[in-house]
Every structure is written in C-alpha cells, then in structure tokens.
Amino acid sequence: MPRTTTVDCPGCPPLRALTFDTLGLIKVLETRDKQGAPRVVERWGEPDSSKCITAVSMLQYYSNPLLAVARKNGQIEILSPVSGDLQATIPSASDLDLQSDVVGLHLFANSNLEFSTRPCTLLTCTSKGNASIRSIDISDSSTESSRLDSSKAWNVCGSGSIECCKVDGNEKFALFGGKGVEVNLWDLDNCSKIWNAKSPPKDNLGIFTPTWFTSATFLRKDDHRKFVAGTNSHQVRLYDMSAQRRPVLSFDFRETPIKALAEDIDGYSIYVGNGSGDMASFDIRTGKLLGCFTGKCSGSIRSIVRHPELPVVASCGLDSYIRLWDTKTRQLLSSVFLKQHLLHVVIDSGFTVEEIPEEADLPCKEQPVNKIGVVEGVEASPLKRKKSLKNKGDVTESERKKRSKHSKEGKRSKGNVKFMKEGL
C-alpha cells in the first residue's frame with residue numbers, strides 16, 4: 001500500500017482566481033470567508049483539446065478589467081474576467097506562422113477607459129519567434145473587433161523555438177528565450193534588440209550545457225535590467241544587464257527542469273517550481289534557499305502567481321490541483337482538484353468581499369451541542385448495548401469458592417439420582 005499523509009489546511013483569505021487547462025476551460029474560484037476554502041463558482045467554455053490555452057494575460061482594472069487568452073488553434077480571445085463575456089476575437093495570431101503555438105501574450109494598459117469603444121494593444125509571440133504588436137477596438141455593444149492600424153511584426157530568433165516571453169512593468173521592454181535561443185531583450189518602441197545573453201562557459205569536465213530556457217521573470221516592475229531565467233537543466237540564473245552578458249549568479253534546484261518562476265513583491269525573493277512538483281523560495285541576492293513549500297505535488301508545476309497584496313502565492317500544474325500557500329510560513333492553505341491538467345493561473349487583485357455584520361442572521365447557523373455530543377433540541381435515540389453480567393468484577397474470593405462448592409454438590413446429587421434409577 002502506498003504511504004499517504006494528510007495535511008490540515010487552515011483556509012485562505014478572501015480572493016478570486018482563474019485557472020486555464022488543456023481542454024480550453026476557464027474555471028473561476030472564489031473564497032469569501034476569512035479562513036474558508038475556495039470553491040468553483042463558474043466555468044466558461046466547453047471541453048475541446050483543440051482549444052487548449054497556451055498563453056494568458058490579464059489587465060487588473062477595478063472598473064473594467066480585460067482577459068486575453070491564446071488557444072492552440074491560433075485564435076486569441078479577449079474576455080471579461082468578471083462575467084466571461086467575449087469582447088473581441090482575433091482569428092490568427094500570426095499570418096506568417098499558422099502551425100506554431102502562441103507562447104507569449106501581453107495586454108498593454110490603456111488610460112482611456114471612459115469611452116464605450118476603446119483601443120486595446122496586444123503583444124503576441126509564437127514558438128517560432130514571430131512577434132507582433134497590434135491594436136484592436138473593443139466595443140461594449142458587440143463582440144466584433146477591427147484593427148486600428150497595421151500591426152508591427154518582427155522575428156526575435158533566427159533558429160530554435162521560443163518558450164518564454166515576459167514584458168517588464170513599464171511595458172517598454174520584452175524578454176524572450178527558449179530552446180536554442182539565449183535570453184534577449186527587445187525595445188518595444190523600436191522593435192529592436194538591445195541586449196543578448198552569452199552562454200556560460202564549459203564546466204571543469206569540459207562539458208557544455210545546451211541552451212534551453214523554459215521560464216523567465218523580472219525582479220522589479222520598475223527595473224528591466226535584472227531578471228531571472230530558469231533552464232531545462234534545472235538551473236536558475238540571475239542576469240544583470242549593467243554588469244555582464246553572462247549570469248552573475250547561478251544555482252541548481254533538484255534534478256528536473258524548471259517550469260515556473262515568479263517574483264515576490266519585495267524585489268529579491270523568487271518562487272521556483274520544477275517538473276517533479278517541487279516548489280521553493282530563494283533569496284536571489286545570495287542564491288540561498290529560504291525554504292521548500294510543505295506538501296508534495298504529484299505533477300509538474302506549470303504556473304506560479306504571487307498575490308499583489310495578500311501573503312498568498314498560488315500554483316497549479318499537471319496534477320489538476322490548484323494550491324494556495326502562505327508566503328511567510330510556506331504552509332499549504334488550501335487545495336482544489338479541478339479534474340483537467342492545469343497550465344495557467346491568474347489572481348484577480350480587484351476582488352473584494354462585503355463584510356457581513358455580526359448581528360445579521362446567517363443562512364446556515366450551527367445548532368448548540370451539549371457536552372456528550374448530542375444536538376440540543378433533538379431527542380436522542382436509546383443506545384443498544386451488549387448483554388453482560390452485572391457487577392462481574394466485584395465478586396470476592398469467598399463467594400467464588402461457595403459457588404464452586406455448590407456446583408460440585410449439585411453434580412454429585414444428579415449422579416446419585418441417575419444411579420438409583422438404573423438400579424431400580
């Protein structure tokens with residue numbers, strides 16, 4: 001029998017999260033209690049493997065947020081993360097590359113939110129390196145979209161395949177990397193490359209590690225010069241553009257590829273998830289392991305997201321679980337099984353819960369329970385007990401001898417009567 005362990009989950013604070021899986025489903029989870037468990041409140045879409053979600057981007061507006069989703073069939077949909085209504089559809093992410101998946105997606109923030117029709121700028125990048133920036137109109141009355149101007153298109157790699165794409169907090173620079181592609185930084189205004197990393201030298205045995213980047217993230221929103229990248233050879237590398245082209249710090253994490261990276265709001269801590277379900281936090285200034293997250297995941301971790309305000313970090317992966325962790329204690333707060341393989345998770349920072357006054361009557365109120373565990377006001381049914389001798393343990397030694405003596409005399413009398421009957 002396999003060894004199983006149970007973990008007591010204390011619950012998580014009020015929040016709202018959206019998950020995206022391999023069948024194209026979007027599931028919304030909410031927690032409305034202070035220490036409650038998240039529940040699935042909505043599910044958008046129908047299961048279809050051709051609509052697998054490959055990339056996600058969300059604009060955290062409090063009044064009118066937007067959600068962009070890239071699917072395996074090449075379509076990009078812009079939805080409302082509040083109601084799930086379709087706002088716009090782009091039939092193909094790239095007219096030049098129809099057979100590669102969209103691996104990079106980013107919605108640019110816009111300031112003109114007062115009009116019923118507003119432009120939306122979108123960055124896309126396919127696995128073959130075809131990147132483009134396009135603008136579309138989003139109308140509240142219809143779901144039809146029209147481009148405002150011709151899209152800007154360029155190629156970020158000559159060979160290899162792109163696997164990670166990240167835009168900095170100021171939305172002026174974009175980071176690309178992948179299999180056979182060193183991480184490089186591009187200026188989005190001019191669509192030009194401004195920095196390219198250099199592969200690390202051979203080790204002491206003369207072995208060269210092939211280039212294969214799987215994830216990347218910036219350390220700070222206001223600084224594009226420092227970023228962290230994870231490799232398929234279970235390495236985490238810190239790059240500083242102002243220092244050198246090679247990584248200024250590099251360390252290994254377990255023995256499986258790094259699949260997910262996320263930065264903390266403090267600017268120096270990162271969260272790392274690998275292909276075997278291990279998750280830990282590091283101090284990137286020294287490469288010191290701060291601690292591993294308690295609770296073994298049984299599948300590859302594909303997405304890690306830090307809540308911008310609460311001390312909560314969410315992770316999901318191929319084991320079909322979304323897990324919420326405490327960033328301070330690294331303990332598991334809650335986990336939900338969602339049936340499908342999960343690829344991405346997004347936290348809605350604009351979600352708020354109205355506080356219920358203490359004097360208000362709750363819909364489900366617990367009945368008082370007395371000391372013996374019976375609910376008050378309900379008649380208790382009599383308990384069935386096995387028959388047993390009364391005061392069996394209170395019999396003295398003298399009484400036992402008398403009982404044995406009487407039983408012997410009874411046996412003798414029965415034997416004498418039987419003998420007399422046979423003689424007659």
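The structure presented is a predicted model; accordingly, all values stated were derived computationally and were not measured. All values below come from the heavy atoms of this structure, side chains included, with hydrogens, waters and symmetry mates left out.
In this structure, Q244 places its CD atom where more than 12 heavy-atom neighbours from other residues, nucleotides or ligands lie under 6.0 Å away. More than 12 heavy-atom neighbours from other residues, nucleotides or ligands sit within 6.0 angstrom of CZ on R245.
Defined by atom type and a distance below 3.5 Å, a donor-acceptor pair is missing between the side-chain atoms of S161 and S127. Using modelled atom types, one finds a donor on one side chain and an acceptor on the other under 3.5 Å when comparing N274 with T256.
Between E77 and R71, at least one side-chain N (NZ, or NE/NH1/NH2) sits under 4.0 Å from a carboxylate O, which counts as a salt bridge.
Of all heavy-atom pairs between S233 and T209, the closest is OG-CG2, 3.6 Å. Nearest heavy atoms, L249 versus I284: CD2-O, 3.0 Å. Across all their heavy atoms, L67 and P81 have their closest contact at N-CD, 3.9 Å. Taking each heavy atom of S334 and C12 in turn, the nearest pair found is CB-SG, 4.4 Å. Residues C316 and I322 come closest through the heavy atom pair CB-CA, 4.4 Å. When every heavy atom of F293 is checked against every heavy atom of D326, the shortest pair comes out as CE2-O, 4.1 Å.
Under the side chain to side chain donor-acceptor pair (under 3.5 Å) criterion, the residue pairs touching residues 264-273 are D264-Y271, D264-R306, D266-S269, with sequence neighbours excluded.
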Let me check something: any side-chain donor-acceptor pairs from residues 218-229 under 3.5 Å, sequence neighbours excluded? List them with distances.
residue: D223; atom: OD1; partner: R225; partner atom: N; Å: 3.1
residue: D223; atom: OD1; partner: R225; partner atom: NE; Å: 3.1

